[in-house]
Every structure is written in C-alpha cells, then in structure tokens.
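In what follows, a structure is listed as structure tokens, so that the remarks can point back to it.
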Amino acid sequence: MGITGAALVALGIICICNPLSTVISLAWIIGIITIFSGIATLLNWISLKSYFPQSGSILLSSVLQIIIGIIFLRHDLALAAIIPVIFALFLIMEGANLAIRSFDYRKIGFRMWWMNLALGLLSAVLGFLSFSVPGVGGRTLSLCIGIGLMVVGMVYFVALFAINRFERKLNSNPWVDEQ
C-alpha cells in the first residue's frame with residue numbers, strides 16, 4: 001500500500017508538471033481501452049451470432065471501436081488537441097446543468113443552493129476559458145488528473161496508517177486470544 005500510494009502521488013506530480021504528456025497519455029489510454037472493448041464486443045458477437053441472426057450491429061460496433069482505438073493510437077497528438085475541447089464542452093454543459101438545478105434546490109428549501117449555483121457558474125466559465133485561451137483546457141485537465149491521483153495516493157497512506165494502528169491496538173489487547 002505504501003509503494004502504491006507513493007507511486008500515485010509521484011504520478012500525480014508528473015501529470016501536473018507535464019500537461020502535454022498527460023493529455024497524450026490520456027489519448028493512448030482511451031485508444032487502448034477502446035481497442036480492448038472492441039475486441040471483447042467482437043468475441044461477444046462471435047458467441048451470439050448463431051442465437052441472434054440480426055446481430056450485425058454488434059459486429060459493426062466492435063469493428064468501429066477497434067478502428068477508433070487504432071485512430072487514437074496512431075494520431076495521439078491530434079487527439080490530444082481535441083481532448084481538452086471535449087473537456088471544455090463537458091465543463092460548460094455540466095456547469096450550466098448544475099447552475100440550473102440549483103434553483104430547484106432553492107425551491108425545495110436546500111440552504112446551500114447558492115453553492116451549487118456558484119460552482120456551476122465557475123465550471124461553465126472555466127469551460128469557456130478553455131475554449132478562448134489555448135492550452136488552458138489541457139493544463140486544467142492535467143491538473144485535475146494529477147490532483148486526483150495524488151488524493152488517491154494519500155488515501156492509500158491514510159489506510160496504511162489506519163491498518164497499522166489497528167494492528168497495534170489489536171496486539172496490545174490482552175483479551176484477544178491468539179491462535
């Protein structure tokens with residue numbers, strides 16, 4: 001757990017310090033996952049085609065997934081430029097959705113409705129900023145990934161310390177019968 005936690009924290013720092021490499025790596029990861037998904041769907045189609053004679057859409061879906069995965073792997077730099085745009089669109093749409101829903105929360109008496117409104121507007125502004133200033137989207141995405149990895153790594157450390165503390169407490173209890 002300690003090694004995993006340290007590796008995740010280090011990887012998070014690397015992601016924050018190298019935004020372009022992080023986004024290119026993300027394109028590779030998406031490509032690899034898409035290829036494996038396409039292969040799994042193709043294997044599923046092979047096993048189901050005798051039961052479902054109209055299963056051509058499954059075959060088409062699997063072939064398209066494999067092609068899209070190969071495109072992600074072969075054109076990683078071009079797709080690395082598109083991923084921040086997709087991220088910006090996501091921020092705008094989810095931010096607007098959160099801001100609109102905050103008024104519903106206000107109607108039902110949620111006292112912190114304004115917090116949802118503020119975070120939704122902030123998210124939408126960050127999305128628009130990602131469109132207007134080149135590189136902001138990639139840096140923001142890398143920052144989110146890096147912080148996420150570091151948080152997960154720190155959770156591993158906290159869990160390790162909690163387990164060690166629990167073991168010490170358990171070993172110091174004279175009422176526990178050791179087997």
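Looking at V23 and S142, their side chains come closer than 4.5 Å, going by heavy atoms from C-beta outward. For the pair T140/L129, no side-chain contact is recorded, criterion being any heavy-atom separation below 4.5 Å from C-beta on.
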Can W45 and T41 be said to form a side chain to side chain contact (heavy atoms under 4.5 Å, CB included), step by step?
CA-CA 6 Å; W45 175 78; T41 305; 5.8 Å; no

Audit row: I71, T34, side chain to side chain contact (heavy atoms under 4.5 Å, CB included) steps and yes/no:
CA-CA 10 Å; I71 289 170; T34 306; over 6 Å; no

Let's go through K107 and F103 carefully: what are the C-alpha distance in whole Å and the side-chain angles of both, what is the deciding distance for side chain to side chain contact (heavy atoms under 4.5 Å, CB included) to 0.1 Å, and is it a yes or a no?
CA-CA 6 Å; K107 279 184 185 177; F103 293 107; 6.0 Å; no

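Between G127 and A88, the closest heavy-atom pair is O-CB, 3.5 Å. Nearest heavy atoms, C144 versus F87: SG-CZ, 4.2 Å. The shortest heavy-atom contact between S37 and Q65 is OG-OE1, 2.7 Å. Counting all heavy atoms, side chain and backbone alike, L98 lies closest to G120 at CD2-N, 3.7 Å. A96 and A124 get closest at one heavy-atom pair: N-CB, 4.5 Å. Heavy atoms only, all atoms of each residue included: V9 and F157 are closest at CG2-CE1, 4.3 Å.
In this structure, the side chain of S102 does not engage the main chain of N116 through any donor-acceptor pair within 3.5 Å. Distance alone, capped at 3.5 Å, is enough to place a donor-acceptor pair between the S130 side chain and the L126 backbone.
Placement of V151 and L143 within a single hydrophobic cluster is found when ILVMFWY residues are connected by side-chain heavy-atom separations under 4.5 Å, directly or transitively. In terms of hydrophobic clustering, with Ile, Leu, Val, Met, Phe, Trp and Tyr side chains grouped at heavy-atom distances under 4.5 Å, Y105 and I100 are assigned to different clusters. Connection of L160 to I163 is established within a shared hydrophobic cluster, with ILVMFWY side chains joined at heavy-atom distances below 4.5 Å, either directly or through further cluster members. Note on L20 and I29: separate hydrophobic clusters, where clusters join Ile, Leu, Val, Met, Phe, Trp and Tyr whose side-chain heavy atoms are under 4.5 Å apart, directly or indirectly. There is no path of hydrophobic side-chain contacts, each under 4.5 Å, that joins I92 to L117.
Between the CD1 atom in I145 and the CD1 atom in I14 there is a gap of 13.5 Å [rounded to 0.5 Å]. Within the model, atoms CG of L122 and CG of L91 stand 9.5 Å from one another, a figure rounded to the nearest 0.5 Å. The structure places CG of L141 at 11.0 Å from CZ of F90, a figure rounded to the nearest 0.5 Å. Atoms CD1 and CZ, from I16 and R139 in turn, are 14.0 Å apart once rounded to the nearest 0.5 Å. Put simply, SG on C15 and CD1 on I13 are 10.5 Å apart, with the number rounded to the nearest 0.5 Å. Here the CD1 atom belonging to I67 is positioned 11.0 Å from the CD1 atom belonging to I35, to the nearest 0.5 angstrom.
Enclosure of atom CH2 in W113 by more than 12 non-hydrogen atoms of other residues, nucleotides or ligands within 6.0 angstrom is indicated.
A side-chain contact (heavy atoms from CB on, under 4.5 Å) with L26 is found for exactly one of I30, I24, T22, namely I30.
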